[in-house]
Amino acid sequence: MAEGENGRAPLRILLVEDDLDHAELVKRGLDECHADLALVHLEDGEAALAYLHGRDALDSPERPHLILLDLRLPRIDGLEVLREIKSSPDLADIPCVVLTTSRAEGDMVKAYRLHANSYLVKPGSYESFVALMAEVERYWLRQNSRPLPAGTP
């Protein structure tokens with residue numbers, strides 16, 4: 001696997017988002033953080049689950065450190081993707097942040113009952129979106145502690 005700017009492998013984010021404009025905003029927001037990240041973007045829930053089940057081992061070099069998950073997805077919706085991730089012993093420890101336009105109380109309740117690690121509503125302005133992505137990157141990828149893969153010194 002390629003090394004990042006700091007000599008280590010970049011942190012990996014899986015973005016599951018069907019709206020290409022929203023996906024571009026996430027990418028730009030993370031780019032503005034100047035963080036050493038590898039972003040994988042998938043556009044539907046079925047593709048996300050296939051991707052994750054191919055990288056579910058803790059020591060997989062492409063296993064994401066964070067999943068940003070929209071709720072309204074084609075093929076398999078975001079809540080079902082979340083249910084599958086959090087019920088899989090090999091995937092359940094990956095933080096899943098719901099990133100959606102839905103402010104519906106019912107969606108929030110369902111997401112947290114399925115063990116979402118966070119529920120974020122997409123802001124309306126570019127500046128607010130960039131600021132939100134900076135906070136996501138700072139907290140989930142810099143401040144939050146994660147278990148290391150087996151055999152890591």
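With sequence neighbours left out, R142 forms a side chain to side chain donor-acceptor pair (under 3.5 Å) with E137. Residues satisfying the salt bridge (charged side-chain N to carboxylate O under 4.0 Å, His left out) criterion with E80, sequence neighbours excluded, are R83. Listed by chain and residue number, R138 satisfy the side-chain contact (heavy atoms from CB on, under 4.5 Å) test with E135 (two or more places apart in sequence, or in another chain). Shown here are the side-chain contact (heavy atoms from CB on, under 4.5 Å) partners of A38, two or more places apart in sequence or in another chain: P10, R12. In this view, E84 and H53 satisfy the side chain to side chain donor-acceptor pair (under 3.5 Å) rule, not counting sequence neighbours. For S87, there are no side chain to side chain donor-acceptor pair (under 3.5 Å) partners at least two apart in sequence or on another chain. Listed by chain and residue number, nothing satisfies the side chain to side chain donor-acceptor pair (under 3.5 Å) test with E127 (two or more places apart in sequence, or in another chain).
Taking each heavy atom of L73 and I76 in turn, the nearest pair found is CB-O, 3.5 Å. Heavy-atom minimum distance, Y119 versus A104: OH-O, 4.3 Å. Nearest heavy-atom pair, A48 versus L42, reported as atom, atom and distance to 0.1 Å: CA-CD1, 3.7 Å. Considering all non-hydrogen atoms of both residues, V81 and G45 come closest at CG2-CA, 3.5 Å.
Taking Ile, Leu, Val, Met, Phe, Trp and Tyr as members and joining any whose side-chain heavy atoms lie under 4.5 Å apart, directly or through other members, the hydrophobic cluster of W140 also contains L11, I13, L15, L25, V26, L30, L37, L39, L66, L68, V97, L99, L120, Y126, F129, V130, L132, M133, V136, Y139, L141.
Both L114 and Y112 belong to a single network of hydrophobic side chains, linked directly or stepwise wherever heavy atoms of I, L, V, M, F, W or Y lie under 4.5 Å apart.
A salt bridge does not link R28 with E32: every distance from a Lys NZ or Arg NE/NH1/NH2 to an Asp or Glu carboxylate oxygen is 4.0 Å or more.
Atom-to-atom distance recorded for C96:SG and L69:CG is 6.5 Å, nearest 0.5 angstrom. Here CD1 of I85 is found 12.5 Å from CG of D90. Values are rounded to the nearest 0.5 Å. Between the CG atom in L91 and the CD1 atom in I67 there is a gap of 7.0 Å [rounded to 0.5 Å]. In this structure, CG on L82 lies 8.5 Å from CG on N117, to the nearest 0.5 angstrom. Remark: L71 CG to S102 OG distance equals 6.0 Å, nearest 0.5 Å.
Counting only residues at least two apart or in different chains, salt bridge (Lys or Arg N to Asp or Glu O under 4.0 Å) contacts with residues 105-126 comprise E17-K122, D70-K122, R72-D107. For residues 40-49, every residue pair satisfying the side chain to side chain donor-acceptor pair (under 3.5 Å) rule, not counting sequence neighbours, is listed here: D44-R75.
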